[in-house]
Amino acid sequence: MAGLRLGPLLRHIDWDTGDAATVWVETDRPSNVQVRCADGAGGSVRTFQIAGHHYALVPVTGLTPGSTTAYEVLLDGVRVWPLPESRFPASTISTPAVAGPGRPAPGLRIGFGSCRQAAPSAGSRGPHGPDALDTLAGQLAADPEAVRPDLLLLLGDQVYADQLSAATRRWLAARRDLREPPGAQVADYEEYTRLYYESWLDPEIRWLLSTVPSLQMFDDHDVVDDWNTSASWLAEMRATPWWQERVLSGLMSYWVYQHLGNLSPAELAADKLYEAVRASPDGTDALRAFAAEADADPASVRWSYRRDFGRVRLLMVDTRAARVLAEDRRAMLDPAEQQWLRDNALEGHGGYDHLLVGSSLPWLMPPLIHDAEGWNAALCRGERGERWARIGEDLRRRSDLEHWAAFPASFAALSDLVEEVATGPRAPATVCVLSGDVHHAYVAEPLIPSTARVFQLTCSPVHNSIHTAVKLGFRLGWSKAGRWIGRLLAKHGRTGRPPVAWRRTGGPWFGNQLMTLGLSGRSARLKLDQARRSGKGARLVTVLDRDLTGG
C-alpha cells in the first residue's frame with residue numbers, strides 16, 4: 001500500500017476565480033493521488049518519478065469562492081491524510097470571494113520571512129531559540145477561530161545545504177565518508193531530500209503548510225553560502241570535484257520541492273519540462289539536463305514569477321541565479337530578467353493598489369553596509385588598481401558583500417523603477433520591497449518625491465541566530481557614526497552618493513520573527529511578531545503594529 005512521505009503542501013490558490021488550488025505531495029511509491037474536499041471539490045493525478053522519489057502536484061477544482069473547506073488526501077483510494085489520531089485541526093483550503101459589482105476585492109494577509117533552520121524535535125531546545133513558524137502553527141492549531149495568513153511568502157534559505165543539524169550529519173556519516181569533500185554538507189539529490197524531510201516533517205510545520213498556501217524563492221544556503229558572489233568565486237567552485245553534482249542537485253530539488261508549487265495550473269500546463277517529466281516513467285534525466293542548462297546559461301531559465309491577488313501584485317525576483325558576474329558588467333539581474341521585472345511592474349500601471357517586490361536580498365540596507373558594498377564593488381572592478389582589486393575580492397567573500405548595493409547599476413535600476421511606479425496619479429498606494437537574509441528586521445523608507453508610500457520591509461530569521469559581533473555591526477550600520485564611516489569608504493572608492501537616500505523608520509529587531517502585511521483596498525498595515533519562550537513552550541509577541549498608509 002502506498003504511503004505519504006511528505007506533505008501535503010497547499011500551494012497555489014486561484015485569486016481570479018476563487019475555485020481552484022494545487023496541493024503538492026511526495027509518496028513512497030507510484031500511485032494515484034486524490035485530494036477530496038468536504039464540499040465535493042477535488043482532483044486527482046498520477047505521481048511522477050525523480051531519482052527514485054515519487055511526487056504529485058494535484059489540481060483541485062470545483063471549490064466555492066469565499067469558502068473554507070476541509071480536505072483529505074488518498075493514495076490509490078486509501079486515505080493517508082489527515083494522519084490517524086492527529087492532534088491538529090483538519091487541513092483546509094480557503095478561497096477568496098471574487099470581486100465584482102458591489103463586491104470589493106478581498107483583503108490579503110501575507111506572512112513573510114526567511115532563513116529557517118530545521119527546528120529541534122518537540123521538547124528539546126535547540127541553539128536558535130523557538131521557531132517563529134512553529135510557534136505560529138501552534139497558536140493557530142490551538143485556536144481554530146484565529147485569523148490566519150492568506151499566504152506565507154518564504155523568501156529564501158528554506159533549507160541549509162551547507163549548515164547541517166547533528167542528526168543529519170550522523171545520517172550522512174552512515175552514508176559516506178565525511179572526510180571527503182564536500183564533508184558535512186549535502187552532496188547529491190538524495191541528501192537534499194533529507195533536508196526537506198527534516199524541515200517539513202516537523203509536525204507543526206507540516207500542518208501549517210497543509211492549510212496555509214505558500215510561495216517560495218531560493219537564496220544562497222539553498223545551494224551554498226554566498227552562491228554566485230563573483231566570477232572568480234564561481235570559477236573556483238567549478239574547479240572542485242563536488243560542485244557540479246551539488247549545484248545540479250540543488251536546482252533539481254528546488255524545482256521539485258519549491259518551484260513547481262509557485263506555478264499556476266495554466267503555467268504548469270504550458271511548462272514543457274513538467275510535461276516531459278510527467279510523461280516519462282522516470283523524469284530524472286530530463287530534469288538533470290534542465291538543471292545543467294540552467295547552471296551553464298542562467299538566462300535560459302526564469303525562476304522569477306508574478307502573482308496577482310485582486311488589486312495586489314507580487315513580483316518574486318530571483319536574486320541568485322540570474323546574476324551577471326563579469327566585473328565589467330556586473331548585475332544582480334541579467335538584461336532579460338531586468339526587463340521582465342520592469343515590464344511586469346509597469347503593465348497595467350494604475351490597475352493595482354499595491355506592488356510587492358519579493359527579493360531575498362534587501363534593496364535598502366544599513367547605510368554603512370550599503371557604502372561598504374559599493375566601495376568594495378569599485379575596488380573589485382579595479383577602481384584603485386590590481387592590488388586593491390585582490391583585497392576587495394577577499395573582503396567580498398569574507399564579509400558577504402553581495403547585496404543590491406554590491407551591484408551598483410542594478411541598485412540604481414531598481415531605485416529608478418520603484419520611483420517611476422510610485423510617482424504620478426496612477427501610482428499605487430504602496431510599493432513594498434519584501435526581503436530577508438540579514439538576520440534582523442527593520443523598516444526603511446526612501447526619500448523620494450513619490451505619490452505612493454514606499455517601504456523596504458525586511459524580516460529575518462524565521463529560525464536561526466546571529467553572532468553578537470554581527471548584531472553590533474548592524475547597529476553601527478544604522479548609526480550616525482556608521483554613516484560617517486560609509487562616506488569615507490565611498491570617497492576612497494570614488495563611488496559618490498547613492499542615487500537615492502533613505503531612512504530607517506522601524507527597528508532593528510533581533511530574534512526569530514515573522515512579518516505580516518495586511519492589505520485591504522488602498523490601506524496597508526504591518527505587524528512584526530517574535531517567537532519568545534513561554535514556560536515549556538513558546539508564544540508570538542507583537543513588537544510592531546503599524547499603519548503604513550495612514551500618514
What is the distance from atom [atom1] of [X] to atom [atom2] of [Y], rounded to the nearest 0.5 Å?
X      : Y      : atom1 : atom2 : result
His354 : Ser520 : NE2   : OG    : 8.0 Å
Ile13  : Ser94  : CD1   : OG    : 7.5 Å
Leu314 : Leu434 : CG    : CG    : 7.0 Å
Arg5   : Thr27  : CZ    : OG1   : 9.0 Å
Leu75  : Arg79  : CG    : CZ    : 12.0 Å
Ser249 : Leu287 : OG    : CG    : 9.5 Å

Between the side chain of His463 and the main-chain N/O of Gly129, is any donor-acceptor distance below 3.5 Å?
yes
Are the side chain of Asp220 and the backbone of Asp226 linked by a donor-acceptor contact shorter than 3.5 Å?
yes
Report task. Before giving the answer on side-chain hydrogen bond (donor to acceptor under 3.5 Å, both in side chains), spell out for Trp81 and Ser91 the whole-Å C-alpha distance, their side-chain angles and the decisive distance to 0.1 Å. Result -> CA-CA 9 Å; Trp81 185 270; Ser91 298; 2.9 Å; yes
For residues 506-519, the side-chain hydrogen bond (donor to acceptor under 3.5 Å, both in side chains) pairs (sequence neighbours left out) are Gln513-Gln530
Considering residues at least two apart in sequence or located in another chain, which fulfil the salt bridge (charged side-chain N to carboxylate O under 4.0 Å, His left out) criterion with [X]?
X      : result
Arg175 : Asp188, Glu191
Asp16  : none
Asp131 : Arg116

Looking only at heavy atoms, which two atoms of [X] and [Y] are closest? And how far apart?
X      : Y      : value
Ala184 : Arg169 : CB-CD, 3.8 Å
Thr95  : Thr64  : OG1-O, 2.6 Å
Ala90  : Trp207 : O-NE1, 4.1 Å
Ser465 : His439 : O-ND1, 2.9 Å
Ser359 : Thr319 : OG-CG2, 3.5 Å
Ile50  : Met252 : CG2-CE, 4.4 Å

Please tabulate, for side-chain N and O atoms in residues 152-163, each donor-acceptor pair with protein atoms closer than 3.5 Å (sequence neighbours left out).
residue: Asp157; atom: OD1; partner: His221; partner atom: N; Å: 2.9
residue: Gln158; atom: OE1; partner: Gly156; partner atom: N; Å: 3.1
residue: Gln158; atom: NE2; partner: Met217; partner atom: O; Å: 3.0
residue: Gln158; atom: NE2; partner: Gln258; partner atom: OE1; Å: 2.8
residue: Tyr160; atom: OH; partner: Asn464; partner atom: ND2; Å: 3.0
residue: Asp162; atom: OD1; partner: His221; partner atom: ND1; Å: 2.9
residue: Asp162; atom: OD2; partner: His221; partner atom: ND1; Å: 3.1
residue: Asp162; atom: OD2; partner: Asp225; partner atom: N; Å: 2.7
residue: Gln163; atom: OE1; partner: Gln117; partner atom: NE2; Å: 3.3

Check [Y] with [X], please: is the shortest side-chain N to carboxylate O separation under 4.0 Å?
X      : Y      : answer
Arg148 : Asp150 : no
Arg288 : Glu293 : no
Arg313 : Asp308 : yes

Residues passing the side chain to side chain contact (heavy atoms under 4.5 Å, CB included) test with Val78, sequence neighbours excluded, are Met1
Those residues at least two apart in sequence (or on a different chain) that pass side chain to side chain contact (heavy atoms under 4.5 Å, CB included) with Arg302 are Ser304, Ala336, Glu337, Trp340
In Leu544, Leu364, Leu528, the residue satisfying side chain to side chain contact (heavy atoms under 4.5 Å, CB included) with Val443 is Leu544
Indicate the ring-plane relationship of [X] and [Y], choosing parallel, tilted or perpendicular according to the 30° and 60° boundaries.
X      : Y      : result
Phe48  : Tyr55  : tilted
Tyr197 : His53  : tilted
Trp227 : Phe218 : perpendicular

Inset, instruction - Give the intermediate values and the outcome of side-chain contact (heavy atoms from CB on, under 4.5 Å) for residues Thr211 and Leu10. - result: CA-CA 6 Å; Thr211 202; Leu10 178 60; 5.7 Å; no
With sequence neighbours excluded, what pairs up with [X] under the ring pair (Phe, Tyr, Trp, His ring centres under 6.0 Å) test?
X      : answer
Tyr71  : none
Trp243 : Trp233
Phe510 : His440

Which of Tyr189, Tyr257, Trp24 passes ring-ring contact (aromatic ring centres under 6.0 Å, His included) with Tyr196? It is Tyr257
For residues 260-272, the salt bridge (charged side-chain N to carboxylate O under 4.0 Å, His left out) pairs (sequence neighbours left out) are Glu267-Arg307
Contacts satisfying salt bridge (charged side-chain N to carboxylate O under 4.0 Å, His left out) that involve residues 41-56 (not counting sequence neighbours) are Arg46-Asp76
What do you reckon, are the aromatic ring centroids of Phe290 and Trp303 less than 6.0 Å apart?
yes
